[in-house]
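What follows is a single structure, written as structure tokens, with notes after it.
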Amino acid sequence: MTTRWFGARIPRSEDSRLVTGRGTYVDDVRVPGTLHAAFLRSPFAAARIKSIDVSRARTLPGVHLVLTGFDAPVLRNPCPLLIPNPQLQHPKTQVPLATEVVRHVGEPVACVVADSRYEAEDALELIEVDWEPLPAVHYLEQAAQPDAPRVHADLADNVAAHMVQQSGDFAAAAAAADHVLKLRLYMDRGTASSMETRGLIAWVDPGGALQVYDSTQAPIPIRNFMAAMLGLPQSKVRVVAPDVGGGFGPKVMMMYPEEVVVPYAALQLGRPVKWIEDRRENFGATTQERDQLHEVEVAFNRDGEIVGLKTVYLHDQGAYCPYGLQNPLITGTTLPGPYRLRNYHMEFRMLYTHKPFVTPYRGAGRPHGVYVMERCIDALARHLGADPNDVRRRNFIQPEEFPYDFGLTYQDGAPLRYDSGNYPEMLRMLLEMIEYDQFKREDQPRYRAAGRCVGIGVAPYVEGSGIGPFEGVRVTVEPSGKVMAATSVGTQGQGHYTSFAQIIADQLGVTPRDVFLTTGDTDKFNWGTGTFASRAAVVAGTAAHLAAAAVREKALEVASRILEAAPEDLELADGQVRVRGVPARAVSLGQVAARAMPLRGTLPSVDYTPGLEAIRYFAPSVGTFASGAHAAIIEIDPETGDMKVLRYCVVHDCGNVINPMIVEGQVHGGVAQGLGGVFYEKLVFDENGQCLTSTYMDYLLPTAREVPEIETDHLETPSPLNPLGMKGAGEAGVIPVAAMMAEAIDDALDHLGTEKITEMPLNPARLRAIIAAAGALPQAR
Amino acid sequence: MKPPRFTYFDPHTLPEALDLLQAHGTDAKVLAGGQSLVPMLNMRLARPAVLVDVNRLPGLAYIRDAGTYLAIGALTRHRQVEKSPLVAARCPLLSEAIRWVGHVQIRNRGTMGGSIAHADPGAELPAVVAALGGRIVLAGAGGDRREVTPDNFFLGWFMTSLQPGEMVVEVRVPTAPPHSGQAFVELARRSGDFALCGVAAHVELDDAGRVQDARMALIGVGPGPIVPEVAGVLAGERPGAAALAAAADRARAAAEPEDDVHATADYRRHLAGVLARRALEQALARAGGPAAAAGGAGA
Amino acid sequence: MSKRTITVTVNGQTHTADVEPRLLLSDFIRHTLGLTGTHVGCEHGVCGACTVLWHDPEDGPLAVRACLTFAVQADGAELTTVEGLAPDPEHLHPLQQAFMDEHGLQCGFCTPGFLMTLVPFLQEHPDPTDAEIRAGIAGNICRCTGYQNIVKAVRKAAGQMGGGDGA
């Protein structure tokens with residue numbers, strides 16, 4: 001296999017558009033005659049709607065349409081449940097426009113369509129809703145109480161799902177173990193906050209087809225659901241995900257209420273209708289993630305061997321669960337990480353609360369799993385007076401133990417079975433990079449002598465990635481010699497245009513610049529699921545490789561007839577097929593393509609497809625498991641509780657890397673989001689379920705001054721599960737950050753005798769309270 | 001997030017602007033840099049019937065040396081203050097504090113008068129004026145002017161003694177005398193955000209290096225800039241750890257913080273003491289006095 | 001509600017339009033003029049995606065947030081948006097080229113705001129330190145890159161524009 005472009009650090013082909021302002025994000029799509037929608041949203045977390053009066057809004061000049069759920073069944077009926085599970089006993093999904101009860105602040109109840117967004121918002125103020133506020137459930141333990149208000153009145157309690165998975169026998173292992181420690185760990189809620197909010201524009205074209213441009217990560221399923229819900233033939237609906245200004249998970253959700261109401265309004269009016277979520281809406285109308293409360297018991301022997309672990313946890317699902325129980329399930333199955341964890345008991349209850357509903361946000365339950373495991377490692381190392389990294393080494397799955405099966409079921413329904421990795425080497429590389437031993441031996445004592453609180457933290461993780469069900473790619477060589485490729489997955493900045501082109505170029509002997517990729521247009525590719533779960537490169541990337549390889553075979557076969565040479569004597573290079581060693585005997589790929597679609601004669605056989613084209617799908621039965629390890633040296637100002645990262649190092653193993661520049665960028669961005677979740681970003685809800693942090697003044701996205709320089713290195717353990725040996729990378733950066741930072745903070749404050757970190761996110765006030773509770777300030781000696 | 005309707009005026013002379021403000025009274029809001037007002041409008045949290053845009057008024061953007069103070073026109077952009085060598089030389093506290101105001105895009109539009117009139121309790125510029133005992137010059141109906149001291153101007157959370165029909169036209173910031181030192185220290189949750197707590201400090205020494213005067217203002221820990229009396233505990237001596245601790249105690253005692261999503265009241269009060277000490281240490285060091293051997297940890 | 005006629009020069013082209021006083025400059029640029037390279041991320045002045053250059057007769061080009069300005073306030077003003085940065089598609093501004101070379105963008109949504117912030121920044125800081133760069137872009141939020149490659153791109157552009165050594 002030629003691997004000239006695979007692995008190359010080449011700039012992205014999509015960038016020249018984006019740096020010159022010629023990108024096309026959904027709000028850049030301009031269709032003449034477009035009207036603008038705005039949504040009236042619930043100001044209450046829990047309320048009964050006694051009446052809605054839209055009459056004054058309808059008469060405001062400039063207003064074309066006012067919709068409520070009373071106007072049509074499709075506007076008030078529940079949206080689909082996307083991922084059912086037998087353990088999801090009481091699924092409840094959102095309705096486009098609530099008519100009876102609202103269950104979170106921001107839930108839509110009416111939609112105004114007007115000449116401008118300004119006038120639509122004016123009209124919203126004229127809609128009168130008679131609300132009867134109801135008591136709200138706003139935090140996990142409250143939701144779990146038997147006498148708590150119920151989010152869904154027809155259910156006996158707030159439990160949406162209860163799942164138990166076990167391997168071995170935890171109770172027996174704990175009874176036999178030298179030590180058992182108990183921890184209680186909490187992670188609070190955050191939001192993905194892509195810089196482009198959600199939005200869509202819908203119109204009916206002159207041919208009668210519904211055209212929709214949607215800032216989504218999953219255009220094909222959106223098309224399918226939209227057609228079904230609106231009663232349209234699927235062939236008469238086209239959904240395009242144009243340039244998407246960041247996704248990070250919430251844009252996989254379907255169907256968001258607006259994805260039903262906006263096309264409905266366009267069909268009603270016969271005019272284009274656009275809705276662009278504004279930033280304040282985004283804090284209630286787009287899904288969130290991360291609140292989870294874990295009770296943990298870890299059993300271990302005096303040599304540091306972990307012999308069992310049990311975690312029972314509550315997951316805050318918010319008001320609805322269209323995405324099923326994926327997040328807490330992923331937590332439990334990510335928790336074992338790189339360790340030989342036998343005798344494991346995971347058990348969770350997924351609870352409804354009166355908060356915006358939860359779907360995966362980059363990491364998707366994984367940060368919690370790593371946090372729980374690594375807090376245990378740190379606690380048991382402390383208990384034993386050992387270095388946590390010695391405990392890690394003691395428990396690592398060894399390179400020769402793959403495939404390693406945990407006896408659990410992963411989020412895709414397949415066995416939790418690791419395909420490959422090299423965790424001891426990964427940790428070795430990381431500790432060397434950050435000079436761990438020197439820090440512990442020389443630097444930290446020096447800092448402490450000067451009264452400074454400087455600490456180091458480490459956290460490895462394993463990430464399930466590249467799961468099925470499938471993705472597909474069509475590769476076509478045109479008579480011009482240019483290569484067209486179309487795929488089902490959309491792109492939100494991950495560089496698919498470039499990395500897929502690199503894969504295809506290798507097969508066809510062209511440069512990536514000759515490969516033109518279309519993503520996320522349902523008219524260009526009909527089948528697929530979407531971009532999520534760190535799977536696009538693995539699943540669609542492999543499909544691209546397979547399709548390009550099939551085209552290559554065909555090119556050799558056709559060219560062999562033109563050149564009168566055996567296919568095995570031919571090679572593809574420089575946009576040509578040529579006879580090996582005789583470069584003059586060559587035919588361009590374009591000519592081959594032309595020959596593959598003859599105007600007279602016939603095709604060689606019945607099952608022979610015309611054109612230099614192939615479609616291939618890749619449908620992995622199990623995912624591949626990427627891994628990585630992060631370490632940081634941080635400093636805490638013990639007087640103010642403020643925290644600063646002094647060094648941040650990452651070793652990352654996503655198998656064979658298509659484009660290291662892109663992968664490093666993914667890691668950097670993930671780390672920045674992870675640090676946000678550690679120290680800056682927190683959605684705070686009051687007892688009425690009101691979000692108190694619903695602007696960028698209060699929900700603090702890190703700036704360039706909060707995010708440190710990140711040093712990265714790659715370890716490549718190829719996956720045996722796909723021909724290019726790839727593993728997923730998209731979510732990696734965020735996964736171990738909370739776990740690693742907790743260890744670093746504890747280490748920085750260890751000499752003060754502080755309580756250990758059990759919650760995330762933190763802030764200066766909280767760290768200062770922890771320091772104050774421990775008593776005296778450090779003194780310079 | 002689109003603003004509600006309003007009637008818009010952009011007068012070209014100050015008398016015209018004052019007439020409009022007089023005519024529309026409490027219905028009118030002055031639009032200067034707009035960096036605080038426009039977000040409120042976009043969220044429809046502020047709904048003035050009338051906006052009087054003062055950006056086209058001539059002659060209100062200046063920085064003049066008036067000897068004991070710098071006279072700064074209300075429409076002087078933050079950025080002009082930040083880049084002014086005159087401000088750096090004559091009022092280093094203002095020069096230092098203004099770098100903490102938002103980000104460069106905010107400072108390019110935000111105005112001196114706007115920051116003062118908006119009176120955000122976490123804002124830096126009111127602290128500078130309050131710490132140094134500056135003056136705020138207001139113009140009212142018929143062009144009448146009055147000078148107001150900071151304690152008579154900043155009345156509470158976003159509240160000032162500006163009357164309907166009046167606007168800030170000039171801010172007077174005392175210049176630093178010889179043998180003085182100034183410092184502005186702040187902790188914000190994130191770069192460019194309003195302060196969790198900030199301290200503007202000013203000290204003056206006599207020829208023997210003893211503290212002659214010391215003043216400070218705290219922000220983020222109360223309804224407006226808070227000016228604890230610290231001269232008493234610092235004056236007349238070469239302040240050591242005990243004196244600085246006493247001043248920090250004064251700062252803590254004067255603070256009136258409340259809990260919010262970013263910090264508890266207790267924490268803000270604690271921070272007032274820590275940052276007060278640090279600001280005084282820095283100011284003393286800059287004044288050429290004892291570089292406060294008080295110690296204390298932290299970067 | 002009475003509209004106003006305004007004349008604004010954007011990227012050297014003069015436009016005249018009737019606008020409602022409440023129309024934000026960001027919406028005027030994007031929707032009235034169709035220059036959609038300027039993006040809108042928060043509409044309350046924090047994210048910086050809408051940053052454009054406002055040419056001050058004395059101070060030169062100033063980076064300002066278009067979402068916190070009304071279009072009527074720009075009557076008579078001269079602005080530059082990202083579309084006006086490169087002389088032509090074949091010759092990118094050094095900052096644009098450096099962002100491409102150093103992978104300083106992923107989804108690209110925030111990128112125009114960063115570029116417009118950085119043009120006057122590099123004029124003021126021809127040879128910036130990393131700390132200066134990070135302070136200079138702290139008023140722009142990027143959710144994809146973690147900023148590292150943006151900082152790298154700025155260093156590179158500064159070097160190419162003759163400021164520093166680009167190291």
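The chains referred to below are lettered A, B, ... by the order of the sequence lines, with proteins before strands, and numbering in each begins at 1. What you see is a predicted model, and the numbers here were worked out from it, not measured in a lab. As a basis for the values below, the full set of heavy atoms in this structure was taken, side chains included, without hydrogen atoms, waters or symmetry mates.
Side-chain atoms of B:Met40 and C:His44, non-hydrogen and from C-beta on, never get closer than 4.5 Å to each other. At a threshold of 4.5 Å between non-hydrogen side-chain atoms, the residues B:Gln105 and C:Thr51 count as touching. For the pair C:Trp54 and B:Arg109, the minimum side-chain heavy-atom distance is below 4.5 Å. At a threshold of 4.5 Å between non-hydrogen side-chain atoms, the residues B:Pro39 and C:Leu68 count as touching. A heavy-atom distance below 4.5 Å is not found between the side chains of C:Asn140 and B:His103.
In terms of non-hydrogen atom pairs under 4.5 Å with chain C, the most contact-rich of B:Leu31, B:Asp193, B:Asn55 is B:Leu31. Per-residue counts of heavy-atom pairs under 4.5 Å with chain C were compared for B:Asn108, B:Leu41, B:Val104; the largest is that of B:Asn108. Listed options B:Asp53, B:Val38, B:Leu37 were ranked by heavy-atom pairs under 4.5 angstrom with chain C; first place goes to B:Val38. For the set C:Cys42, C:Ala63, C:Pro120, the entry with the most heavy-atom pairs within less than 4.5 Å of chain B is C:Ala63.
At a 4.5 Å heavy-atom cutoff, the contact between C:Leu24 and chain B is made by side-chain atoms alone. Neither the backbone nor the side chain of C:Val40 comes within less than 4.5 Å of any heavy atom of chain B. Contact of B:Arg107 with chain C is not made at all, since no heavy-atom distance falls under 4.5 Å. When heavy atoms are compared at a cutoff of 4.5 Å, B:Arg190 approaches chain C solely by way of its side chain, counted from C-beta outward. Contacts between B:Arg56 and chain C at a heavy-atom distance below 4.5 Å involve the side chain alone, from C-beta outward. Of the two parts of C:Arg134, neither the backbone nor the side chain holds a non-hydrogen atom closer than 4.5 Å to a non-hydrogen atom of chain B.
Ion pairing of C:Glu43 with B:Arg44 is absent here, as no side-chain N (NZ or NE/NH1/NH2) approaches a carboxylate O to less than 4.0 Å.
Checked by atom type, the side-chain pair B:Asp10/C:Gln73 shows no donor-acceptor distance below 3.5 Å.
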(message) I'd like to know whether C:Asp27 forms a salt bridge (Lys or Arg N to Asp or Glu O under 4.0 Å) with B:Lys2, so could you lay out the CA-CA distance, the side-chain angles of the two residues, the decisive distance to 0.1 Å, and finally the verdict.
(response) CA-CA 10 Å; C:Asp27 286 334; B:Lys2 305 297 180 190; 2.8 Å; yes
(request) Apply salt bridge (Lys or Arg N to Asp or Glu O under 4.0 Å) to the pair B:Arg79 and C:Glu124, showing each step before the final yes or no. (result) CA-CA 13 Å; B:Arg79 198 72 175 127; C:Glu124 259 180 62; 2.6 Å; yes
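We find the OH-CZ distance between B:Tyr8 and C:Arg4 to be 5.5 Å, quoted to the nearest 0.5 Å.
With a 6.0 Å radius and a threshold of 12 heavy atoms from other residues, nucleotides or ligands, C:His91 has its NE2 atom at or below the threshold.
Between B:Pro3 and C:Phe70, the shortest heavy-atom distance links the atoms CG-CE2, 3.9 Å.
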